[in-house]
Amino acid sequence: MARVSQAHLDARRRQILDAAALCFARNGFHATSMQDVLKEADLSAGAVYRYFSGKEELIAAIVGEVLASVRAAFEDAAGQYPPAPPDLLVGAVLGRTLATKASLTIDGEPAFPRLVVQVWSETVRNPKLAAVLREGYDAVGAAWERIVAGYQDAGMMRADLPAEHVARTMIAAVIGFIAQQSLFGPLPVEALQNGLRALMSMSVPESGTGTDHGSVNVPETRSN
């Protein structure tokens, strides 16, 4: 009997994961059956169950794979001095991540953003998946904190603000961008980059202008 190559095994695993990702993005986790995955992958039950025991393992593998890729990219950036500015860094990593999933489409639109939203909703009831997601986000956050430390050390960013807060803000920006794609349709990564550039270009007016930047004045609501 001929020995199956590792390349063949990897390709088959990729085929199964992509089929599952499409099914989950299209119909949600609970409305998708393993039979749906088998049909999408065009494989027998034996071929699929050789790699994954069920939907729980499939979705955990998909999430772990994406987060590992993102984490590796940001960890590489954290090792550079000084790190690339946030707009370039986020654009490069997010663009690369979306490009690897570009072949997954539903009705001509990218399936990945819809899949991400499905994953978020599933973590509410699935402690194991929530743990996988939390571990991945913690690793990405730690990498971002090292990036921020690099910015601060290079004099590119204020040093009096917590690196953790900056890291959480950058993660929130990416999460929000992906959520918008899922809700409102495709949006180029350049839109997020331009938004970050605009925020980064803001300058605080000189003192004496009468503006208190530590507070926000909210207009009073008049009752009729």
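Position 1 is the first residue of the sequence, and the numbers go up from there.
Note that NZ of Lys101 is 14.0 Å distant from CZ of Arg96, once rounded to the nearest 0.5 Å. Atom CD of Glu145 is separated from atom CG of Asp138 by 9.5 Å, given to the nearest 0.5 angstrom. Between atom OG of residue Ser69 and atom CZ of residue Phe74 there is a gap of 10.0 Å, rounded to the nearest 0.5 Å. Here Leu192 contributes atom CG and Gln180 contributes atom CD; the two are 9.0 Å apart, rounded to the nearest 0.5 Å. Within the model, atoms CD1 of Ile178 and OG1 of Thr97 stand 8.0 Å from one another, a figure rounded to the nearest 0.5 Å. In this structure, Ile59 CD1 and Lys128 NZ are separated by 13.5 Å, a value rounded to the nearest 0.5 Å.
Taking a 6.0 Å sphere around CZ of Arg14, one finds it holds more than 12 heavy atoms contributed by other residues, nucleotides or ligands. Heavy-atom contacts from other residues, nucleotides or ligands closer than 6.0 Å to CD of Gln6 number more than 12. Other residues, nucleotides and ligands place more than 12 heavy atoms under 6.0 Å from the CZ atom of Arg26. Remark: Asp107 CG is loosely packed, at most 12 non-hydrogen atoms of other residues, nucleotides or ligands lying under 6.0 Å away. A 6.0 Å sphere centred on CZ of Arg158 holds no more than 12 heavy atoms belonging to other residues, nucleotides or ligands.
Looking at heavy atoms from C-beta onward, Asn126 lies in side-chain contact with Glu56 at the 4.5 angstrom threshold. Between Val37 and Phe52 there is no side-chain heavy-atom pair separated by less than 4.5 Å. Counting heavy atoms from C-beta on, the side chains of Glu122 and Leu133 never come closer than 4.5 Å. Two residues are said to be in side-chain contact when any heavy atoms from C-beta on lie closer than 4.5 Å; Glu109 and Gln181 fail this criterion. The shortest distance between side-chain heavy atoms of His30 and Arg125 falls below 4.5 Å.
Linking ILVMFWY residues whenever their side-chain heavy atoms come closer than 4.5 Å, directly or via other members, places Val90 and Met156 in the same cluster. Under the 4.5 Å side-chain contact rule for hydrophobic residues, Val116 and Val132 share a cluster. One hydrophobic cluster, built from ILVMFWY side chains closer than 4.5 Å, cannot hold both Ile62 and Ile106; they sit in different ones. Hydrophobic cluster membership differs between Leu104 and Trp120, with clusters built from Ile, Leu, Val, Met, Phe, Trp and Tyr side chains linked at under 4.5 angstrom. In terms of hydrophobic clustering, with Ile, Leu, Val, Met, Phe, Trp and Tyr side chains grouped at heavy-atom distances under 4.5 Å, Met170 and Leu187 are assigned to a common cluster.
Of all heavy-atom pairs between Val48 and Met34, the closest is CG1-CE, 3.8 Å. Closest non-hydrogen pair, Leu88 versus Arg197, comes out as CD2-NH2, 3.7 Å. For the residue pair Arg13 and Ala61, the shortest heavy atom distance occurs at NH2-CB, 3.9 Å. Here the closest non-hydrogen pair linking Tyr151 and Pro86 is OH-N, 3.2 Å. The two residues Ile147 and Ala77 have their closest heavy-atom pair at CD1-CB, 4.1 Å. For the residue pair Arg114 and Ser182, the shortest heavy atom distance occurs at CA-OG, 3.7 Å.
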(request) Apply the test side-chain contact (heavy atoms from CB on, under 4.5 Å) to residues Leu58 and Tyr51: give CA-CA distance (whole Å), side-chain angles for both, the deciding distance (0.1 Å), then the verdict. (result) CA-CA 9 Å; Leu58 278 167; Tyr51 295 85; over 6 Å; no

(message) Between Arg12 and Leu43, is the side-chain contact (heavy atoms from CB on, under 4.5 Å) condition met? List the steps.
(response) CA-CA 9 Å; Arg12 181 57 55 84; Leu43 293 172; 3.3 Å; yes

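Asp42 and Gln15 form no side-chain donor-acceptor contact under 3.5 Å, judged by distance and modelled atom types alone.
Side-chain N or O atoms of Asp36 include one that pairs as donor or acceptor with a backbone N or O of Ser33 at under 3.5 Å. Under a 3.5 Å cut-off, the side chain of Gln152 and the backbone N or O of Leu161 do form a donor-acceptor pair.
At a threshold of 4.0 Å, the pair Arg71-Glu135 does not count as salt-bridged, since none of the basic side-chain nitrogens sits closer than that to a carboxylate oxygen.
Listed by chain and residue number, nothing satisfies the ring pair (Phe, Tyr, Trp, His ring centres under 6.0 Å) test with Phe112 (two or more places apart in sequence, or in another chain).
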